Amino acid sequence: MDRPVVDHRSPEFAQLTEDVRVGLRSVFGTREGAPMLYPASGTGATEAALVNVLRPGDRVLCFNYGVFSAGMGVIARKFGFEVDEVPLRWGQALPVDDLEQRLKADSPTNPYRAVLVVHNETSTGVTCDIAAIREAMDAAGHDALLIVDTVSSLGSIEFLMDDWRVDIIICGSQKGLMMPPGLGILGVSRRALALAAQGGGSPRYFWDWEPIMRENRIGLFPYTPATLMLFGLREALRMLVDEEGLDNVYARHRRLADGVRAAVSAWGLRTVCEDPLTASNTITAVWTPDGFDSNELINHARERYELSLGGGIGPLKGHVIRIGHLGSLNELEVLGTIGGVELSFADLAYGIQTGAGLLACQQSFLGARERVDSALAAAV
Ligand code: PLP
């Protein structure tokens, strides 16, 4: 990325555009889905997803299980879509039985046009099962669009757009894709593209897929793209897809997340995520003990150890720390983080045994390695 800006109408740039589109398809898990790239962020990508396929007055179904799932409803309301929002506990994953019942009971004359889902709720550290959501939609015989925010999961937690028949994937550059912020990214199914092309959607210009598709076909964009970001994205996609391999990337995230969860449990603290089967492999949100302000811990960790932790958002503010473990990350960096949290606990007299989390995390990593070694030995 650190290079002179190139002409975004040159042959070199056309090749770059094509390479990025091919790499994104691999990470989306699609052969036919169309990547869209905007000089924007995840929020812009969300707006782009909605305005290309939904009209004012269209009914959409969403579930509120954290800041970002609630946010999809907020954005949808701004455009005049009729939003049915189901409140859940923050820490819960989207309950697929409930989704199925609601879709079965839907109005035959004015049905939901879309179901809006956040794959990985970054505020609570909960991952929803998109395959099960698709099954529930099929079981209800409902043909609403399935629109999924993957901002904090894409490139870190397996995603299979074609197998799960996801209509639109929403993402940004700054998390699992290991880039700075600055790109809003979509993966769009043929079905969603056709809907938009047949006069669907709301008034739009910047977000409109039609000119993007037309220009991308010849390696161009309808307006100035984030040129240098695309060089970075091509390299990030090569690292994920060609060098490490997506299966290994997902396994690494699982291994690192297991280590963090082992530490949290050794500290005797609870995760916001209620069901371990839905625990996120990219972020762990942890309740701080009663009587301790999590913001104080976060500020202390930053000032004393240059350790950047996430805070609780919305109603979780002051009660939760969030440990991120995604992207370009390895075992030693996770151990550094766990060690820094433990030092901060000690400095602020949390009464948590220093070293307990580090030991549990190391044992988790060693156990994962032994499991891989014995699986390899059994295979030979
Ligand atoms: N959705 C999720 C799940 C997120 O984690 C975020 C940001 O962290 C967003 C949406 C918003 O993305 P952005 O901040 O890139 O606009």
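For this chain, numbers begin at 1 and follow the sequence in order. Each ligand, and each atom within it, is numbered from 1 in the order the structure gives. Since this is a predicted model, take the numbers as computed values, not measurements. Basis for what follows: all heavy atoms, side chains included, without hydrogens, waters or symmetry-related copies.
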Original post:
Does the gap between the ring centers of F221 and H8 come in under 6.0 Å?
Top reply: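 No, the ring of F221 stays outside the 6.0 Å limit from the ring of H8, centre to centre.
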Indicate whether the side chain of [X] and that of [Y] have a donor and an acceptor atom separated by less than 3.5 Å.
{"X": "R59", "Y": "N110", "value": "no"}
{"X": "S364", "Y": "D258", "value": "no"}
{"X": "D97", "Y": "Q101", "value": "no"}

Subject >> N or O contact, G42 vs ligand 1, cut-off under 3.5 Å >> reply: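 Yes.
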**OP:** From the options V27, L24, V20, T17, select the one residue that forms a side chain to side chain contact (heavy atoms under 4.5 Å, CB included) with P35.
**Re:** L24
Give the residue and atom name of whichever protein heavy atom lies nearest to [atom], and the separation in Å to one decimal.
{"atom": "atom 14 (O) of ligand 1", "answer": "Q174 NE2, 4.0 Å"}
{"atom": "atom 6 (C) of ligand 1", "answer": "F68 CE2, 3.3 Å"}
{"atom": "atom 10 (C) of ligand 1", "answer": "D149 OD2, 3.3 Å"}
{"atom": "atom 11 (C) of ligand 1", "answer": "T43 OG1, 3.6 Å"}
{"atom": "atom 5 (O) of ligand 1", "answer": "T122 OG1, 2.5 Å"}

Original post:
E121 near ligand 1, heavy-atom distance under 4.0 Å?
Top reply: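 Distance cut 4.0 Å: E121 fails for ligand 1.
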Original post:
Any heavy atom of G172 sitting closer than 4.0 Å to ligand 1?
Top reply: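 So G172 does not count as touching ligand 1.
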Original post:
Which is it for K175 and ligand 1 at heavy atoms under 4.0 Å: side chain, backbone, both or neither?
Top reply: side chain
Subject >> Region of N120 engaging ligand 1 - heavy atom pairs below 4.0 Å >> reply: backbone
Original post:
Looking at G23 and V241, what are the two nearest heavy atoms and their distance?
Top reply: O-CG2, 4.2 Å
Original post:
Between Y250 and L326, is there a shared hydrophobic cluster once you connect ILVMFWY residues whose side-chain heavy atoms come closer than 4.5 Å?
Top reply: no
Original post:
Which word best sums up how the rings of F206 and Y223 line up, parallel for under 30°, tilted for 30 to 60°, or perpendicular for over 60°?
Top reply: parallel
**OP:** For S41, counting its heavy atoms only, list the atoms of ligand 1 lying under 4.0 Å from any of them.
**Re:**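 Under 4.0 Å from S41, ligand 1 has these atoms: 13 (P), 15 (O), 16 (O).
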